[in-house]
Number of protein chains: 2
Amino acid sequence: MARETLNREQIVGAAIELLDAEGIDGLSMRKLGQKLGSAATAMYWHVGNKENLLVLAADEVWGEVTLPDVPAVGWRAAARELMYAAHELTGRHRWLVRVITTYVAYSEGMARFQECAYETFEAAGFRDADLDWAVSTPFMFVTGMAFMTTTDAAEVKQRASSGDAAQPEDEAAVVAQVAALAAKYPRLSASMQAQGQRGLTFGEEVEKVFAFGVETILDGMAARLAAGRDAD
Amino acid sequence: MARETLNREQIVGAAIELLDAEGIDGLSMRKLGQKLGSAATAMYWHVGNKENLLVLAADEVWGEVTLPDVPAVGWRAAARELMYAAHELTGRHRWLVRVITTYVAYSEGMARFQECAYETFEAAGFRDADLDWAVSTPFMFVTGMAFMTTTDAAEVKQRASSGDAAQPEDEAAVVAQVAALAAKYPRLSASMQAQGQRGLTFGEEVEKVFAFGVETILDGMAARLAAGRDAD
DNA sequence: ACCTGAACACCGTTCAAGT
DNA sequence: ACCTGAACACCGTTCAAGT
């Protein structure tokens with residue numbers, strides 16, 4: 001992989017590959033240097049520091065999102081599309097939410113996305129402060145979902161729900177401990193049992209929860225608009 | 001601060017103090033050892049490792065939450081109370097969401113809280129899979145809020161919104177950069193301008209967004225229940 | 001303009017040795 | 001049973017020195 005000199009795009013691209021493959025803890029400046037065939041410290045000249053590199057990587061992947069045509073599809077479909085797009089983006093790049101919520105990662109890519117969210121909820125009929133809040137609410141939900149599902153804990157659950165296969169012993173112990181804890185609470189254990197009978201994997205359950213949340217929030221928005229409720 | 005031997009509660013207590021005071025990056029085993037007057041490695045005998053210590057700390061603070069009396073107040077008030085309780089807890093311990101979403105931190109304290117959430121949405125009329133999803137949705141929102149507001153970025157915005165005071169130069173530069181970015185998008189810049197005129201601090205805006213989100217989600221739940229919509 | 005290598009100040013964790 | 005100190009394998013970052 002010879003090349004003349006390093007450059008920003010190349011470094012950011014390699015960082016994204018490393019992040020996607022090994023997660024946020026898998027990215028170290030030394031490892032990245034190795035991947036690029038440079039000294040561990042060579043990147044500092046191009047990207048300043050690690051924080052900035054992560055912000056650049058986050059911005060880059062926002063570019064993958066296709067925005068809906070709001071006037072064509074209407075506010076409700078557009079809002080749904082935006083939520084799903086963000087949900088899928090955070091699923092594809094499981095480090096993304098972590099970066100956005102750790103650093104000041106307000107970037108071109110996010111701004112473009114947010115502008116479209118404003119367009120969407122403006123089309124719905126929200127104005128002024130209500131508009132700001134309406135834009136925020138769905139993305140708080142998406143962010144929360146992303147956190148709960150892009151975690152070590154989520155991966156443990158994923159492996160547990162997909163059967164025996166590659167579940168290490170210590171993970172099985174953790175899962176058993178969680179079950180033992182839930183057993184002390186009647187409603188939690190009833191829910192766990194019912195979930196077992198439904199037989200969905202963790203990933204499938206996640207998608208169900210997400211779909212439910214999206215429609216609930218959209219229903220709530222519609223109810224607010226219908227009632228003509230104002231900001232207080 | 002003399003004492004016979006170290007013990008678990010003491011270590012967890014000191015860890016919580018350090019976490020509250022200095023944030024999640026402020027906790028190192030060496031610093032904690034110093035605070036307790038022990039060797040950096042003395043804690044390993046009592047808590048195993050750092051991950052486990054963080055999980056113990058998370059469990060401990062869940063105990064601070066007072067649960068609503070669901071039959072007495074009704075589902076909607078109870079749901080609101082639970083959401084606000086979790087919101088305040090994550091605000092008081094700004095490291096909590098990070099811990100919960102990084103490790104497998106399902107503990108006694110969380111289970112107790114969750115059981116009450118199940119009781120609440122069962123009282124509302126949700127059953128089976130719908131019940132699971134109804135319980136999850138509000139807490140995805142709360143988690144998302146917590147992330148967006150317990151971040152370095154949030155602290156930068158907090159200081160920026162509270163006027164000149166203690167804003168370091170480099171932070172001011174970042175804030176200016178964000179404004180410059182938003183200026184390229186008509187709706188974002190209109191919103192920023194309007195927000196400036198409202199004159200609320202970042203913290204006050206956060207509470208408004210939270211209140212809006214809570215009521216929107218509760219409205220959405222009510223709409224679903226009224227329509228008798230089933231799980232698909 | 002771009003890169004290297006050594007160095008610094010940190011980490012979490014292990015483990016033999018002590019009491 | 002409980003704790004210490006040295007050691008190991010990592011970090012991010014700085015900076016003089018090279019080309």
Side-chain angles (χ1 to χ4, degrees), chain A residues 1-19 21-58 95 98-99 102-105 151-153 168 170 174, chain B residues 1-19 21-58 95 98-99 102-105 151-153 168 170 174:
Chain A
M1 204 192 273
R3 65 343 27 200
E4 288 309 309
T5 61
L6 286 172
N7 61 54
R8 231 191 165 120
E9 297 96 80
Q10 195 183 29
I11 293 170
V12 171
I16 292 173
E17 275 178 40
L18 214 46
L19 286 165
E22 304 194 31
I24 202 158
D25 290 332
L27 177 70
S28 78
M29 299 306 264
R30 281 169 171 83
K31 239 190 254 181
L32 186 59
Q34 209 174 331
K35 191 182 166 87
L36 289 165
S38 302
T41 53
M43 279 85 62
Y44 283 82
W45 198 88
H46 296 277
V47 300
N49 56 32
K50 189 182 183 182
E51 171 170 342
N52 194 46
L53 173 57
L54 286 168
V55 171
L56 290 169
W95 46 273
R98 229 115 199 141
V99 171
T102 303
Y103 308 109
V104 183
T151 274
D152 283 354
D170 57 327
V174 169
Chain B
M1 206 190 271
R3 47 68 290 239
E4 287 310 308
T5 61
L6 286 172
N7 61 54
R8 231 188 164 120
E9 297 95 82
Q10 196 181 28
I11 292 169
V12 172
I16 293 173
E17 276 178 39
L18 213 46
L19 285 164
E22 303 193 31
I24 202 158
D25 290 332
L27 178 69
S28 78
M29 299 306 263
R30 283 168 170 83
K31 238 191 253 180
L32 186 57
Q34 210 175 331
K35 191 182 168 84
L36 290 165
S38 303
T41 54
M43 277 86 61
Y44 283 81
W45 199 88
H46 297 276
V47 299
N49 56 34
K50 188 183 183 182
E51 171 169 343
N52 194 47
L53 173 58
L54 287 169
V55 172
L56 290 170
W95 45 274
R98 229 111 202 146
V99 171
T102 303
Y103 309 107
V104 183
T151 274
D152 284 356
D170 56 328
V174 169

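Just so it is clear, the structure is predicted and the values come from calculations on it, not from any experiment. Proteins come first, then strands; the chains are lettered A, B, ... in the order of their sequence lines, and each starts at number 1.
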In the structure I gave you, are the side-chain heavy atoms of Ile16(B) and Trp95(B) within less than 4.5 Å of one another anywhere? yes

Minimum-distance nucleotide (side-chain atoms of Arg30(A) versus dA7(C), dC2(C), dT14(C)): dA7(C)

Which atom pair, heavy atoms only, marks the closest approach of Thr5(A) to Gln10(A)? O-OE1, 3.8 Å

For the side chain of Lys31(A), starting at C-beta, report the closest nucleotide among dT14(C), dC11(D), dG12(D). dC11(D)

Whole angstrom is fine here: how far is it from CD1 in Ile11(A) over to C1' in dC2(C)? 11 Å

When you measure from the side-chain N and O atoms of His46(A) to the phosphate of dA1(C), is any distance below 4.0 Å, counting only OP1 and OP2? no

Do Leu56(B) and Ile11(B) have side-chain heavy atoms sitting under 4.5 Å apart? no

So what does Leu27(A) touch, heavy atoms closer than 4.0 Å: a base, only the sugar-phosphate, or nothing? sugar-phosphate

Please name the pair of heavy atoms, one in Val55(A) and one in Val99(A), separated by the smallest distance, quoted to 0.1 Å. N-CG1, 4.3 Å

Contact summary for Leu53(B) and Ala15(B), nearest pair of heavy atoms: CD1-CB, 4.0 Å

Least distance between heavy atoms, Leu6(B) atom then His46(B) atom: O-CE1, 3.2 Å

Residues in residues 49-58 of chain B with a heavy atom under 4.0 Å of DNA chain C, by number, are Asn49(B), Lys50(B)

OP1 or OP2 of dC3(D) sitting under 4.0 Å from any side-chain N/O of Ser38(B)? no

Is there a donor-acceptor contact under 3.5 Å from the side chain of Lys31(A) to the main chain of Gly26(A)? yes

Roughly, in whole Å, what's the span from CD in Gln34(A) to C1' in dC3(C)? 17 Å

Please, what dot-bracket string fits DNA chain D when only Watson-Crick and G-U pairs with both distances under 3.5 Å count, crossing ones use [ ] and pairs to another strand use |? ||.|||||...|||||.||

Is there any protein nitrogen or oxygen under 3.5 Å from a nitrogen or oxygen in nucleotides 15-19 of chain D, and what are the pairs?
none

Quick one: list whatever passes side-chain hydrogen bond (donor to acceptor under 3.5 Å, both in side chains) with Gln34(B), sequence neighbours left out. none

Roughly how many Å is it from CH2 in Trp45(B) to C1' in dT13(C), rounded to a whole number? 18 Å

dA7(C) C1' sits how many Å from Met29(A) CE, rounded? 17 Å

Pairwise salt bridge (Lys or Arg N to Asp or Glu O under 4.0 Å) hits with a residue in residues 38-49 of chain A, at least two apart: none

Quick one: closest heavy-atom pair of Ala57(B) and Val12(B), and the distance? CA-CG1, 3.8 Å

Residues in side-chain hydrogen bond (donor to acceptor under 3.5 Å, both in side chains) with Glu17(B), at least two apart? Lys35(B)

Kindly point out which of dC11(C), dC3(D), dC2(C) is positioned nearest to the side chain of Ser28(B)? dC11(C)

